[in-house]
Amino acid sequence: MSTATARAVEAVLFAADRPLTPDEIARHLPAGADLREALARLTDDYRGRGIELVERGGRWHFQTAPDLSHLLSRERDEPRRLGRAAVETLAIIAYHEPVSRAEIEAIRGVQLSKGTLDLLMEAGWVRPAGRRDGPGRPLLYATTPDFLSHFGLSSRRDLPGIDDLKAAGLLDPVSATFAPELESDAENR
Amino acid sequence: MSTATARAVEAVLFAADRPLTPDEIARHLPAGADLREALARLTDDYRGRGIELVERGGRWHFQTAPDLSHLLSRERDEPRRLGRAAVETLAIIAYHEPVSRAEIEAIRGVQLSKGTLDLLMEAGWVRPAGRRDGPGRPLLYATTPDFLSHFGLSSRRDLPGIDDLKAAGLLDPVSATFAPELESDAENR
Amino acid sequence: MADAVESPVLTISLDGWEGPLDLLLALARAQKVDLRDISILALVEQYLSFVGDAGRIDLEVAADYLVMAAWLAYLKSLLLLPRAPDQDPDPDMLAALLQQRLQRLDAMRDAGARLMARDRIGRDVFARGMPEGLRTIGRPVFRTAIFDLIDAYAQVAARTAPVQHQVRRRPVMALDQALARLRAMLPDAAEWRRLESFLPPGAQGDLRRSAVASSFLAALELARQGQAVLRQDAPFAPLMLKAS
């Protein structure tokens, strides 16, 4: 039998129609409830069941266990299929954020077609993240908490292979030397 | 193995966007799975938790435990301003308390609309304060401690200008002759 | 794509590539060695020959490829020519940077594929299908300032204070007063005197006007009683009075 707080957290997260931060959960609980303990306990309770409690980017939600996907996929629309350019752009943003459009183009070696960033923003995975100080003050892009939830990442540190890439220097800031053919474009955006 | 079936049923019901009949659930399961047993087992598992599995009219679904439904809605402060009539009424009660409805109307020179006193009581600033001895035994109203603290007063005597108004003769008790036709109304409310 | 790379003569076109770096990466991959070990010189050769052989060249599409080709030709010349010990830019450095660029693009492409293959919500894992939802209910909190309260009370007081008609004391000389005064003064008025000379001394403004009016009425009354005689030589001429 779970404690009163665990029951309450369970009910709140179950009823929620989106992932919730601990603060958001706490607003539905009596003051002083030990939310941390309840979340840990629930995570344990559900381990190995058909539903699991997960934390993604600081927000918690229940979801079905990944190994059961074959039972559930029928009659379901495949989530939007991204083209190659969009997938690469999303990966570049996720691994380099915050990153400017010119930097994305430098890494890909080609100009970004008009709709690519729009598509990623519409999907709710990418957001504008301020401007970089410097010439042209380019707009920067970063990923959203929804990106983490959607791809089942607890945080950006969970991005596949990110530590190795970092160690290999492949995530260092993009220098203009990398992309001589795009150099002149960078300042115009 | 019943655990596998229970997990599957758990996930299917969780992800479903409507209550499902056993047949509908079974379509997601391997042939020969013991659905009946899985449902019984899940119903047991969830008993006493924040979520429960219920059957309604032959359809199964998860729902949050009914005793926790109060957690699902959260109250939030919504600042509101009192209308003119309410502020005037409140002022009259504060200066003259305890005061009857008829007296308030006599002082304001206007009848009190139905909700005004209710609103002031909802705001927590006005309370019923017994009845006046005399014809009709009209209900009396007075301010609350909340009223004083909201307006930063330590007592009603702190109301600015009360002495000036008193000197001007404006705070004399409303005589019956002043509003004879209204006094009789008191008992009808 | 791999087939196309191995036998470029068959399908020489730039349409299928996501830019020159994409093409370079595909050519590098065709070397079938780790990207860190590829021969940049060979890669440059392959690229230049591929772009040179490209049959139909849409200038719009080809511009980026040609810029890259020019840069690679430049790099090739730097790599081949005998070089000074401290040449700037260092050709090996430029080659290393190109290599790193290819590695980075390759890494991002791979990362993208790995991201897409993760358990994704709505495809592999599912959120609750019919959440009750959480509601926020507004709780009214009334805010009124003390000033509003006082001001409201003052307005109520002003609006409903019982109306008291108080007649202001006005400076007047009543008829009785005027009559008494004229009677007392007439015995001394054997000669014609202007009516104004009978007014109380110092009467100004409204009081004087009132005194004139009441003294005139008093004079008429005394004349009626036969105690005084009135005379006016012309309309609006001074009114003259003496004892009869």
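Quick note on labels: first sequence line is chain A, next is B, and so on, each numbered from 1. Values reported hereafter were calculated over all heavy atoms of this structure, with side chains retained and with hydrogens, waters and symmetry mates removed.
- Proximity to chain B (any heavy atom under 4.5 Å) is shown, for Ile51(A), by both the backbone and the side chain.
- For a residue to count as touching a neighbouring chain, one of its non-hydrogen atoms must lie under 4.5 Å from one of that chain's; by this rule Leu13(B) does not touch chain A.
- Of the atoms belonging to Leu71(B), heavy atoms from both backbone and side chain fall under 4.5 Å from chain A.
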* Candidate pair Arg132(A) and Glu103(A), rule salt bridge (Lys or Arg N to Asp or Glu O under 4.0 Å), full reasoning -> CA-CA 12 Å; Arg132(A) 172 162 295 143; Glu103(A) 287 160 350; 2.3 Å; yes
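- Counted by atom type alone, Glu10(B) and Tyr46(B) present one or more donor-acceptor pairs between their side chains at under 3.5 Å.
- Taking the charged nitrogens against the carboxylate oxygens, Lys166(A) and Asp172(A) have no contact shorter than 4.0 Å, which rules out a salt bridge.
- Looking at Gln63(B), only its backbone comes within 4.5 Å of chain A, counting heavy atoms on both sides.
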Verdict with supporting geometry, Arg59(A) and Glu24(A), salt bridge (Lys or Arg N to Asp or Glu O under 4.0 Å) | CA-CA 9 Å; Arg59(A) 304 185 308 170; Glu24(A) 287 169 333; over 6 Å; no
